[in-house]
Amino acid sequence: CPELFRRDPLGAAFPAPLDLAALAREAEEVGALAIGVATDSETHGASERDLALVSKASGVPVLCIDFLVRDNQLYRSRLLGADSAILHASILDASEIARLLDVGRHMHVECVVEAVDAPGVERALEAGARIVSIDGRAGAASEDLAALLALVPAGPILIVRGVVATADDLAFLRGKA
């Protein structure tokens, strides 16, 4: 799932102006099954308009990438075209995650609960997440990725982000599938 945003959160400059609609269409043409769109202005230089723009330009599901903590943020994301949204287990407790998952399901928005550590994975599972994402870019340095993957039982869809750098990494992840 390619992620579209206007500014690299680590500070790298992008050529301006970015045509997110064209990028979304190109991603779809080369086989993207979904497209993530950042809406956070501070970190990614993005806006809610970007979500609406990509949703209208693309025929694949669109994932809202932001720090969603309230029902109204999830409702707004859906109105702007999001089919899915990320909930960050690092800033929500299990009951908050469960409530937002329920709100999302009622609006036909399937939320992805992202975790970077064992407590986050445990909160995601306790809340009933159907899709759990382990962000290896953040968590792999502080915990063994294998230990985090071992926490996720059969059932939920598991997404592992940012950790495939070698053939051994890929072989390891294939063994988890």
Side-chain angles (χ1 to χ4, degrees), residues 1-5 20-21 23-25 27-40 43-44 46-139 148-164 173 176-177:
C1 171
E3 297 177 3
L4 303 180
F5 41 87
L20 295 184
L23 289 172
R25 286 189 294 271
E28 189 176 354
E29 286 172 12
V30 297
L33 301 177
I35 298 172
V37 181
T39 59
D40 174 55
T43 306
H44 294 100
S47 75
E48 293 177 333
R49 289 186 310 260
D50 295 337
L51 181 61
L53 179 75
V54 170
S55 178
K56 288 178 185 162
S58 172
V60 298
V62 176
L63 168 72
C64 176
I65 302 171
D66 205 335
F67 293 94
L68 305 177
V69 296
R70 295 185 313 273
D71 298 7
N72 67 327
Q73 292 173 301
L74 201 49
Y75 284 116
R76 181 131 179 97
S77 295
R78 181 63 177 149
L79 287 172
L80 293 166
D83 301 290
S84 185
I86 292 180
L87 303 177
H88 294 272
S90 61
I91 61 172
L92 299 165
D93 66 32
S95 65
E96 292 168 321
I97 295 169
R99 181 180 47 75
L100 289 169
L101 287 170
D102 189 51
V103 168
R105 288 176 184 147
H106 280 89
M107 294 184 301
H108 305 286
V109 172
E110 191 62 52
C111 293
V112 176
V113 182
E114 185 166 279
V116 297
D117 57 18
V121 172
E122 291 165 359
R123 282 192 298 277
L125 296 172
E126 180 184 336
R130 289 187 246 190
I131 306 173
V132 176
S133 173
I134 296 175
D135 187 347
R137 298 170 295 187
L148 294 178
L149 294 173
L151 295 174
V152 182
I157 294 169
L158 178 61
I159 299 169
V160 181
R161 298 178 61 210
V163 296
V164 180
L173 291 174
K176 176 63 181 167

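Note: hydrogens, waters and symmetry copies are ignored here, and every other heavy atom, side chains too, is used. Just so we're clear, the structure is a prediction, and the values are computed from it rather than from any experiment.
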Can you check side chain to side chain contact (heavy atoms under 4.5 Å, CB included) on D83 and R78, steps first, answer last?
-> CA-CA 7 Å; D83 301 290; R78 181 63 177 149; 3.4 Å; yes
From CA spacing to verdict: side chain to side chain contact (heavy atoms under 4.5 Å, CB included), D71, L100 = CA-CA 6 Å; D71 298 7; L100 289 169; 3.6 Å; yes
Decide side chain to side chain contact (heavy atoms under 4.5 Å, CB included) for L20 and L23; before the verdict, give the C-alpha distance in whole Å, the side-chain angles of both, and the deciding distance to 0.1 Å.
-> CA-CA 5 Å; L20 295 184; L23 289 172; 4.1 Å; yes
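Between I65 and T39, every side-chain heavy-atom pair lies at or beyond the 4.5 Å cut-off. Within the 4.5 Å cutoff, side-chain heavy atoms of I97 are placed close to those of R123. At least one side-chain heavy atom of L68 sits less than 4.5 Å from a side-chain heavy atom of S77. Between P156 and V113 there is no side-chain heavy-atom pair separated by less than 4.5 Å. D50 is not listed as a side-chain neighbour of L4, based on a closest heavy-atom distance of 4.5 Å or more. With contacts defined as side-chain heavy-atom distances shorter than 4.5 Å, the pair H88/L92 does not qualify.
With a 6.0 Å radius and a threshold of 12 heavy atoms from other residues, nucleotides or ligands, R105 has its CZ atom above the threshold. Around the CZ atom of R76, the shell of radius 6.0 Å holds no more than 12 heavy atoms that belong to other residues, nucleotides or ligands.
In this structure, E96 and I91 approach most closely via the heavy-atom pair OE1-O, 4.2 Å. Nearest heavy-atom pair, A27 versus I35, reported as atom, atom and distance to 0.1 Å: CB-CD1, 4.2 Å. In this structure, A118 and L148 approach most closely via the heavy-atom pair N-CD2, 3.3 Å.
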Under 3.5 Å, which donor-acceptor pairs do the side chains of residues 52-64 form with other protein atoms, sequence neighbours left out?
from	atom 1	to	atom 2	distance (Å)
S55	OG	G81	O	3.2
S58	OG	E28	OE1	3.4
S58	OG	V60	N	3.1

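R130 is linked by a salt bridge (charged side-chain N to carboxylate O under 4.0 Å, His left out) to E110, counting only residues two or more places apart in sequence or in another chain. In this structure, Y75 has no ring pair (Phe, Tyr, Trp, His ring centres under 6.0 Å) partners at least two apart in sequence or on a different chain.
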